[in-house]
Each structure stands twice: as structure tokens, then as C-alpha cells.
Number of protein chains: 2
Amino acid sequence: MRLKKLEISERVVQRLTEYLSILKEARKQDSEINSIELAKIMNTTSAQVRKDLSTFGEFGVRGKGYDIDNLIEIITRILGIDKTNDVIIVGHGKMGEMLSSNLDVLGEGFKIIGIFDKDNDKIGKMAANNLVVQDIRNIGEFIKNMKNDSNIKINMAILAVVKEQAQIAAEGLVKNGISAILNMTTCKLELDKNVKVVDMDISAKLQELNFWRINNTENNIDEKI
Amino acid sequence: MRLKKLEISERVVQRLTEYLSILKEARKQDSEINSIELAKIMNTTSAQVRKDLSTFGEFGVRGKGYDIDNLIEIITRILGIDKTNDVIIVGHGKMGEMLSSNLDVLGEGFKIIGIFDKDNDKIGKMAANNLVVQDIRNIGEFIKNMKNDSNIKINMAILAVVKEQAQIAAEGLVKNGISAILNMTTCKLELDKNVKVVDMDISAKLQELNFWRINNTENNIDEKI
DNA sequence: TAGATTGTTAATCGATTAACAATC
DNA sequence: TAGATTGTTAATCGATTAACAATC
């Protein structure tokens, strides 16, 4: 696979995950797809589909379209989920529990290798995946041992603590070498710029939805005093 | 409050939810904030902050800035969460259970008034919030009764079924008058255009994060064969 | 009044799309 | 070869930002 050196926008990466999901669905029916069909499902233009994909290389066949299996493989590789990526979950409340026990929710390509909490009532308890909830205070040691014993370098975490603890917990993670955080809390994390944070704020999304629900008369907010 | 008639972009609404979250945090320290401070926390420019807010009216005081409490109240109203908005949850697996039992996760302004599943093992069971899991097949009746008995018009749902059921379940909801769906599944829903869907795909977000984690050397993917 | 910060206009930047030569 | 669809360029559109008059 040939990858171009290029500035890649967040938008393109977001759509890449959508293409992957659509292609996995489409593969049940067909073995090929073209940019027009893909665009229709994506609610966009075929030009955008082709441009997005061409960011990463030439994957199509002129006159025919794209081989679905091939495209799935390529996008899978671009997103780095052709291998298994190790993740730790921090916080074992309702959210952390759901994430660790619902196998489907993280999707393929990710493996939970540690679950942490600061609550003594939870530490030591058996969680899903044959994992025991560990003391968050031992996270540095855990990461170090993983590196030494198995040569596994952990740098990705899912943050699922209560929002009051989010900032301080995140800082602790960063101190211990975590550089990628999926933030499931409502807290806006303020961390070093080279730490990549992706926010997953359910309440914010619900607020968005509610805005559009209220202002759904196509076009939209009336002038009112 | 004066609301301007205007095309509002999804981006602006997204940021509105962020401003709200930041302002709620800031209110603990201060009673006023200006666009420069707000921009710094948001990682953007003061111009964007002022432009975003001015989409909805004139809320600042020249020479001073914005009153935090006032701005919170205004954004709260714009997002429609100054009142309580009724939501139903469809699917009472790990995800649905988490959503209905974790009070914080939906945030203020939303109330779960019904929980549904199609699984006979789950129907009739007591869930959180003193709600009993109802048969999804009775959802039409439930919505009709709510309308007749309490004049509550339900049109917002959180879809938390397994992805194989997502499309068919969503269609059922729409048939019964739901026009706003927070989609917690990985499935890309294909519904009538006037149904507003907001996707909340954890695995997709994790894929995104993983991409940036892998390609985090500031600038970024190398040319390679 | 002087200093500060808003709201808004105009300039810039980046993302989307139309169009088409390349090519299967 | 004729028909189709890609990959890419150039045009368009929309979003961000700089700059500044308005005004507290």
C-alpha cells in the first residue's frame, strides 16, 4: 500500500470510519461498489468519496469502481485496526463497566488489557474479560511491567471516570505515558498538545440532537423577541 | 431573548454545547468571561467565539465581556434544555442499561420516560428510574397514550439495540412518530430526511483516535511503498 | 475621557464539488 | 472500440480569522 505524505483533516478520518462501516455492510450484498453508490449512502457527492480515498492512494479501477474487500482491508490498515491495539479503561462505574463487558462496543482491533479505578470497593473485583479491577495508583507500575515483561507499550486509554475526577485522572495518565485518550466524560480536558484526545460526550450529543429537534422546520429559528 | 433567522451550521451547534460545558466550569471561579479567555479554553480564536455567539443575538457588553450566568442561561435556552425533554430508550442491553441507570450521562434537561426492548426476558423487568422495561411492540400505543393522557408528545429516542436490529428498530420508531434519534449503534441508519439522527459510535471514535495515535508525529504519514 | 472588548465586515483559508482527461 | 468510472484539477462554496468601528 502506498500512503501519501499529506496533511489529513479530521473530517477525512471521520468519514473513513463511516466508509468502513458502510463497506462492511455492503459486502454482504456485493463485491464491488463505485463512488456514486458510496456517496448516496454517505449523503454526499461521488467527488468527495473519490477525493477522500485518493488522499491515501489509488484504490479504484477506472471504468469499474472499487473492490469492496480490498477497500475494507486498506481502510482497516489506515486506521491501524488490522492489528490488535491495546487499551486500558480508567473508571469502572456504569460507563466503564459497560465498555468492558459489552464486547461489540469497541469494535474489532481493540483489546482491553487493564481496568482501573480509585475506589477501594471496586479494586480487586473481577470484571469482564477475566480482568481484575486494579488500583489507579498502580498504573505506572502496570505500564512499566507491560513494557518490560511483554514488550507491550500502552499509550491509549478510555477515560470513564466521573467528570469531577476527569482532569486529574487524565493528567495522571499522561504522566505515565498515555498519549491518546477517548474521553467519555463531559469534562473538557486541558492537556499537553501532543496528547490526542477524542471526546465522546453523550450529553453534548443529546443537546445537539435536541437543538435540531426543536428547530427542525427545515429552516429554522424564527425571528422572535 | 432575540433569535436571528439564519442558517445555523452543525459546527456552531456543536461548539455551543462546548461553550456551555466550559461556562459551567468557569462559573465556579468567576462571574464574567471574555471571548479571549473562552477562545483559549476552546482552542480557537476570540473572533470565532464572538461570531458563534452573535449568531443568536448580542449577549456581551463591549469593553467588559460576557456575564457567565447570563450566557449559560441563554445557551441553555437555545439548546432547549431549560425545560425537561422527554426521551425514550430503545434497547435494554448493556448500553441501554448504562444509559438509564447512570443519571449523569444524559445531563440536565432530559428525562427518560420509557424503556423498551423486544426480548421477553427483559420485558417487565424493573429498570432504574422506577421504569419497567416495556415491549417494543407496544411503543405505538405507549406514545399514543402519553399524548392522550398527559399531552406529552414524544418524538426523541435513544437507540441502543444491537446493530443488527438498528435499522428495523429505527424504522419502527419513525413509524410511530419519533423524529429525533440519538444512534448509539454502529449501524448507519437510512431514514427519511426529516428525521434528525445524531450518531454516537464509540468504535468509530476509537478508530479515529487510533489513527491519530499512530500518525501522531505532528506531520504525519510517511511516503512508503 | 481612555481603555477594553464587543459585534461585524472583509479577507483568508480550507473543504466541497463540478468537470474532465486518464484509463480500465 | 465504446462505455464507464476513476483520480485530479480548477471553481465554488462555506467556515475561520483579522481588523476595526461601535460602544461600554
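In what follows, every chain begins at residue 1, and chains take the letters A, B, ... in the order their sequences are listed.
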Check every atom of [options] against the side chain of [X] and return the nucleotide holding the closest atom.
X: B/Lys51; options: C/dA10, C/dT16, C/dC24; result: C/dA10
X: B/Arg15; options: D/dT16, C/dG7, C/dT17; result: D/dT16
X: B/Ala47; options: D/dC24, D/dA19, C/dT17; result: D/dA19
X: B/Ser54; options: C/dT6, D/dA18, C/dG7; result: C/dG7
X: B/Ser9; options: D/dA15, C/dG7, C/dA18; result: D/dA15
X: A/Arg50; options: C/dT9, D/dG7, C/dG7; result: D/dG7
X: A/Thr44; options: D/dT6, C/dT17, C/dC24; result: C/dT17

Strand partner of D/dC20, provided both Watson-Crick or wobble distances fall under 3.5 Å: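 When the pairing criteria are applied, C/dG7 turns out to be the nucleotide that pairs with D/dC20.
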Complement of D/dC13, any strand, by Watson-Crick or G-U distances under 3.5 angstrom: C/dG14
Working for salt bridge (charged side-chain N to carboxylate O under 4.0 Å, His left out), residues B/Glu10 and B/Lys196: CA-CA 12 Å; B/Glu10 299 204 357; B/Lys196 183 70 196 173; 3.3 Å; yes
Sugar-phosphate only, base, or nothing, as touched by B/Ser46 at under 4.0 Å among non-hydrogen atoms: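 The answer is nothing, as B/Ser46 stays clear of every strand by at least 4.0 Å.
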Polar pair under 3.5 Å, donor/acceptor by atom type, side chain B/Arg62, base C/dT5: no
Any B/Tyr66 side-chain N or O less than 4.0 Å from OP1/OP2 of C/dG7: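 Result: yes.
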A/Lys64 bridged to A/Glu32 by N-O distance under 4.0 Å: yes
Interatomic spacing from CD1 in A/Ile112 to CD1 in A/Ile89 - rounded to 0.5 Å: 3.5 Å
